[in-house]
Every structure is written in structure tokens, then in C-alpha cells.
Amino acid sequence: MPSGRFAPSPTGDLHLGNLRTALVAWLWARHDGARFTLRIDDLDRVTSSEANAVRQLDDLRSLGIDWDGDVERSSDHFNRYDAAIGRLEQAGLVYRCYCTRREIAEAAAAPHGVVGRYPGVCRDLTESERARREADGRRPALRLRGTGRSVTFVDALAGPTTGMIDDVVLRRNDGVPAYQLAVVVDDVADGVELVVRGDDLLSSTPTQIHLAGLLGWRSPGYAHVPLVLNHRGDRLAKRDGAVTLADRAARGESVAATRTLLAASLGLCRRDQHIDLATLRSRFDPSRLPRTPWCWNEPGATG
Ligand code: GLU
């Protein structure tokens, strides 16, 4: 019975894709009565807001999703993150990076660069090169000194997955701990045994598993849920129509109907069937979850 969690970023209302992932995470934990934690991933103070968090929690509750204990907030856990970064620094696994986003994008686009992966510009700077950048007024972020190796793990939905360890940011240059570090620290602190989340994070997982290992921790298991796509095959976004519970309510669609839509997309019921949470819970079978994206196209969305 792996305990689970959902960790939304409070950057806006949850859309059908987020709600569907939350439902899978909840069902996976709760169908066998395991613990479920709700954590607001609010480290980014610019894009996060408490008002968004409150609406997200209301939407989850109205779908019937519940959780154990108080809602957690990443912004309450700076001490934990600082301690973990301190340990990595002491082990010589951290370096200062002065790159701007633009410089990283340019270096990654160069012939040997890999888009989405830090190209290593600041990995081996000398003391005087660092001093020059600091004299220019650049504030460093802290990055993990990656190994250039890969990690393989078996994802409960995506199957065997291999990915390179990235030199991810551990502390941003404004001093705020970064998501890649925080998520590892929090999942271990919360005793999470199975992380169920959208498969846009599948490629980050090898680095997160590596980070947990460096800190002497056993990683949770992972199940990455295929994303919801719009009719063009792109990731679902707000502009794709009635994608939030508020949008759907404005069109006269009940929360129960949206729950049925999501459950049908997971192969748990038919579109025209009323289904309550208790029934969903008893029917849930992880081995039968879809392994491909759900293409959502209103009207006439198919389950
Ligand atoms: N907060 C992240 C998001 O909403 C998810 C983090 C996670 O589940 O690891 O995309």
C-alpha cells in the first residue's frame, strides 16, 4: 500500500489534466487505504499565489479528493532544504553557476549541447573566473555537480526508463531552494512511497533519484501519468476551452459529470454512467490504466 501525494503548483486553476493526475494519485493511494498527502509547491513566489492554492484545494475537495493531516506548503520547509544543500556542499557536489537563462539556451543550442540539460559552462570555473563574474554583479545559483552518467528505473506506468543525471539548480540565484531539490527532500520527509504525477516530469526523475541517493535516502517509486492533449496534439492548456471546474460549471456541467469524464478517460467507467468515488475506488486497478495520452476535444470528448 504505497502512500502517495499530490503536489500542485499554485499558478492558476487546475485543469482537466491536473485534476485527472490528482485523481489517479488519490485512487492509487486510497484504493487500498494508504496515506495521501497534499503539498502546495509554492517555492516560486512570482508565479504562485495563496488565492490560487485555495481554489485548487476547493476543486480537489469538490471532486471528493481528501488527504491526511494539514496541507503542506513547500515555502514552510526552507530549513529542510538548506540542510540538504549544506550536506551536498560539504560533500563537494555543488558548484556556483552564473549563467543567465539566455546563455544556457544558447549553449544548449550549440552543436554538442542538449536542449533541456545544463551545458556545463560554469562547472569548472577557476577562482578568478568566478571573481570576475561576481565583480560584474552576477549572483550565482547553486548547481548539482552531475556525473555525466545515466540512471535507469522502472516507472509503474512508463516502464523501464533511462535518463542522464543533469546538473540541476539546487538553489536559485535569488536564494530560493529549487524544485528539483525540494521535491526530493519533501517526498522523503513525508514518507511518500509512490509519486504519481504528470509524465512531463519523467525526464527529471533520474536526477531526482540520484539526488536522493547522494543524500543517503531511498527514492520513492514513480508512476508518470500520460498527459492530456488537445485536438492538435499539444499539451492541454487554459485556452483549449472549458478545462477547469469553474469553466465547466459556467457551462452548466456538474462536478460529478466532470468526475465521470475523468474516470471514463481512465477506463474506469462509461461516459454516460454516473459513478461515485467509492465505486471508483473499488474498481481502480493500476495495471489497467491507459499508457498513452488522453486526447481531449470538446465537444464530443471521448473517454
Ligand atoms: N508542482 C509540480 C507541477 O505541478 C509537480 C511536482 C511533482 O509532482 O513532483 O507540475
Side-chain angles (χ1 to χ4, degrees), residues 2-29 35-57 59-60 63 65 67 71-77 80-81 84 116 144 151 153 155-158 161 163 166 168-170 172 176-212 215 217 219-229 234-238 243-245 293:
S3 69
R5 51 68 152 182
F6 185 58
S9 304
T11 55
D13 285 344
L14 297 170
H15 63 50
L16 289 175
N18 311 126
L19 294 169
R20 183 174 182 259
T21 300
L23 187 61
V24 176
W26 183 87
L27 285 168
W28 208 313
R35 202 180 147 73
F36 191 69
T37 308
L38 210 293
R39 187 170 70 232
I40 301 290
D41 179 0
D42 62 351
L43 285 175
D44 192 329
R45 304 309 282 171
V46 177
T47 56
S48 299
S49 85
E50 186 54 26
N52 287 334
V54 168
R55 279 203 312 281
Q56 293 188 340
L57 295 172
D59 283 356
L60 294 169
L63 270 182
I65 290 174
W67 48 87
V71 173
E72 298 206 19
R73 284 179 168 68
S74 303
S75 56
D76 288 336
H77 299 159
R80 284 180 189 169
Y81 309 142
L144 172 69
V151 166
F153 69 102
D155 188 271
L157 289 174
T161 303
D166 190 16
V168 285
V169 172
L170 303 172
R172 302 171 353 175
V176 176
Y179 159 75
Q180 299 285 358
L181 181 274
V183 68
V184 169
V185 172
D186 283 338
D187 283 334
V188 168
D190 291 341
V192 173
E193 290 156 323
L194 183 70
V195 170
V196 178
R197 60 186 179 187
D199 73 0
D200 50 329
L201 286 162
L202 187 62
S203 62
S204 293
T205 308
T207 304
Q208 293 177 7
I209 291 173
H210 176 70
L211 258 176
L215 290 161
W217 301 330
S219 293
Y222 289 92
H224 285 89
V225 181
L227 293 183
V228 180
L229 306 180
D234 301 326
R235 211 165 136 171
L236 192 70
K238 290 278 165 51
V243 294
T244 66
L245 288 187

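Along the sequence shown, residues carry numbers from 1. Counting convention: from 1, in listed order, for ligands and their atoms alike. No hydrogens, no waters, no symmetry mates; every other heavy atom, side chains included, goes into these values.
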- prompt: Going by distance alone, is a donor N or O of one side chain under 3.5 Å from an acceptor N or O of the other, for Asp44 and Tyr179?
  reply: no
query: Going by atom types alone, do Ser204 and Gln180 pair a side-chain donor with an acceptor below 3.5 Å?
result: yes
Which atoms from ligand 1 have a heavy atom of [X] less than 4.0 Å away?
X: Tyr179; result: 6 (C), 7 (C), 9 (O)
X: Ala7; result: 1 (N), 2 (C), 4 (O), 5 (C), 6 (C)
X: Arg5; result: 7 (C), 8 (O), 9 (O)
X: Arg197; result: 7 (C), 8 (O), 9 (O)

query: Of Asp199, Thr21, Thr205, which is the lone residue that meets side-chain hydrogen bond (donor to acceptor under 3.5 Å, both in side chains) with His224?
result: Thr205
Ligand 1-proximal atoms of Phe6, by part, heavy-atom distance under 4.0 Å: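 Neither; no heavy atom under 4.0 Å.
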When you check the gap from the basic side-chain N to the acidic O, do [X] and [Y] get nearer than 4.0 Å?
X: Arg5; Y: Asp190; answer: no
X: Asp42; Y: Arg45; answer: yes
X: Asp187; Y: Arg39; answer: yes

- prompt: Is the shortest N/O to N/O distance between Asp200 and ligand 1 below 3.5 Å?
  reply: no
- request: Would you check whether Val183 has a nitrogen or oxygen atom less than 3.5 angstrom from a nitrogen or oxygen atom of ligand 1?
  value: no
query: Does the side chain of Tyr222 come within less than 4.5 Å of Arg197's, by heavy atoms?
result: yes
- line: Among Pro8, Ser9, Ala25, Ser74, closest by heavy atom to atom 3 (C) of ligand 1 is Ser9
query: Who's the nearest protein heavy-atom neighbour of atom 1 (N) of ligand 1, and how far?
result: Asp41 OD2, 2.6 Å
Residue and atom name of the nearest protein heavy atom (relative to atom 10 (O) of ligand 1), distance in Å to one decimal: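 Looking at atom 10 (O) of ligand 1, the protein heavy atom closest to it is Leu201 CD1, 4.2 Å.
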